[in-house]
Number of protein chains: 2
Amino acid sequence: MMFSKACEYGIRAAVYITLQSLEGRRVSVTEIAEEIDSPVAFTAKILQQLTKNNIVHSVKGPTGGFEIDRKDMDDVKLNMIVKAIDGDKIYVGCGLGLKECNANKPCPLHDKFVDIRTNLRTMLQSTSLYELATGLEVGLTYLKR
Amino acid sequence: MMFSKACEYGIRAAVYITLQSLEGRRVSVTEIAEEIDSPVAFTAKILQQLTKNNIVHSVKGPTGGFEIDRKDMDDVKLNMIVKAIDGDKIYVGCGLGLKECNANKPCPLHDKFVDIRTNLRTMLQSTSLYELATGLEVGLTYLKR
DNA sequence: TATTAATCGGACAAAATTGTCCTTTATTGG
DNA sequence: CCAATAAAGGACAATTTTGTCCGATTAATA
């Protein structure tokens, strides 16, 4: 409703990989898709994008799979994932779809939107994968269903 | 980025109709589409939905077109338009796309999302067509480009 | 009453998003 | 080196969203 399906899967996948990487486990697409309840092949596609953008790290061959460095768990914020998959259309662009809409020439909703969007951006920029994964770890939050 | 294209056009159309109704003018789809810079036929479809939902009033035949009663300009809030076109998926539903996600069994982003979504809902529920149209009237805001 | 101008409604078309499948490439372990 | 395993990548398919077209319906007016 806010992100594309691809982006939703992407975030869920990244969080799951983070969770498993914390335990030192490298995970396959099959496992990921199963655990986050997403279409396997489609999830694979999305993971390709995340690896290209250095958000997750992938290893081919047997014992291969996806993982995230401990450092990256802190460094990777949600906005990076969103940007990698959906682009920056969440930040840029008018709420009413006007091409030119800014403080100078605002659409009728411009001012009311900047607030909401700023909140969203701030939230995405400040939320790390590690933060999300720890909630899961403790059993406070869930990724499936 | 937040609303569907259909919804964007719908809001823009409704605001334009409001503006013209304030001047006592009834407007045709052709004029609306031109003034809000949207595809005519598609805009017509969306206006049908708005009419069915009693958000705008339509009159067939020559001298016909769309208009909004003065009273409705205050009563119709943006959330009604959004609901009529996009349904309530903006309010309902998990930010990460989980089927079951609530305070009991929250997704990792649940709490951070409720804030943002509450802001959005509040804004949509409190913004009337009249309010948006008057900004246009005074030349403070714009609908095209 | 005939003409004309407008919305309504349904069928269709195009484009974007979501999703699948299969082949290639890299890597591990025997 | 070989077999098995996993991601990468490209082609294709299904679905949803966006958009078009055209005939039917309604109403005003000459």
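Labels below follow one simple rule: chain letters A, B, ... track the order of the sequence lines, proteins then strands, and each chain is numbered from 1. In this text, all values refer to a predicted model and were calculated from it rather than measured experimentally.
Taking the nucleotide of DNA chain D with the nearest heavy atom to each of A:Thr30 and B:Ala41, the more 5' of the two is matched to A:Thr30.
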Distances for protein N/O vs nucleotides 16-18 of chain D N/O pairs under 3.5 angstrom?
{"residue": "D:dT18", "atom": "OP1", "partner": "B:Lys5", "partner atom": "N", "Å": "3.0"}

Collect all protein-nucleotide pairs involving nucleotides 11-13 of chain D in which both atoms are nitrogen or oxygen and the distance is under 3.5 Å.
{"residue": "D:dA11", "atom": "N6", "partner": "A:Lys45", "partner atom": "NZ", "Å": "3.3"}

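Scanning all heavy atoms of the two residues, the minimum distance from A:Met2 to A:Ile90 falls at O-CD1, 4.4 Å.
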Per-nt protein contacts along nucleotides 22-30 of chain C (heavy atom under 4.0 Å; B base, S backbone sugar-phosphate only, - none) come out as ---BBBB--
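Considering only heavy atoms from C-beta on, A:Ile32 stays 4.5 Å or farther from A:Arg12 through its side chain.
Residues meeting the ring pair (Phe, Tyr, Trp, His ring centres under 6.0 Å) test with A:Phe113, sequence neighbours left out: B:Phe3. Scanning for ring pair (Phe, Tyr, Trp, His ring centres under 6.0 Å) contacts around B:Tyr142 gives an empty result, with sequence neighbours left out. By the side-chain hydrogen bond (donor to acceptor under 3.5 Å, both in side chains) test, A:Thr43 is found to be paired with A:Ser38, residues two or more places apart in sequence or in another chain being considered.
Computed from coordinates, the B:Arg26 CZ to C:dT7 P distance equals 10 Å when rounded to whole Å. Residue A:Ile85 contributes atom CD1, which lies 10 Å from atom P of C:dT18 at whole-angstrom precision.
The stretch residues 75-88 of chain B participates, sequence neighbours left out, in these side chain to side chain donor-acceptor pair (under 3.5 Å) pairs: B:Ser4-B:Asp86, B:Lys71-B:Asp75. Residue pairs meeting the ring-ring contact (aromatic ring centres under 6.0 Å, His included) criterion with at least one member in residues 11-46 of chain B, sequence neighbours excluded: B:Tyr9-B:Phe42. Applying the ring-ring contact (aromatic ring centres under 6.0 Å, His included) rule to pairs touching residues 49-99 of chain A yields nothing, sequence neighbours excluded.
Using five terminal pairs a side, the axes of the helix from C:dT1-D:dA30 to C:dG30-D:dC1 at its two ends make an angle of 0°, given in steps of 10 degrees.
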Would you be so kind as to tabulate the donor-acceptor pairs closer than 3.5 Å made by side chains of residues 98-107 of chain B, with sequence neighbours excluded?
{"residue": "B:Lys99", "atom": "NZ", "partner": "A:Asp37", "partner atom": "OD2", "Å": "3.0"}
{"residue": "B:Asn102", "atom": "OD1", "partner": "B:Asn104", "partner atom": "N", "Å": "3.0"}
{"residue": "B:Asn102", "atom": "OD1", "partner": "B:Lys105", "partner atom": "N", "Å": "2.9"}

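DNA chain D lies under 4.0 Å from no heavy atom of any residue of residues 46-57 of chain B.
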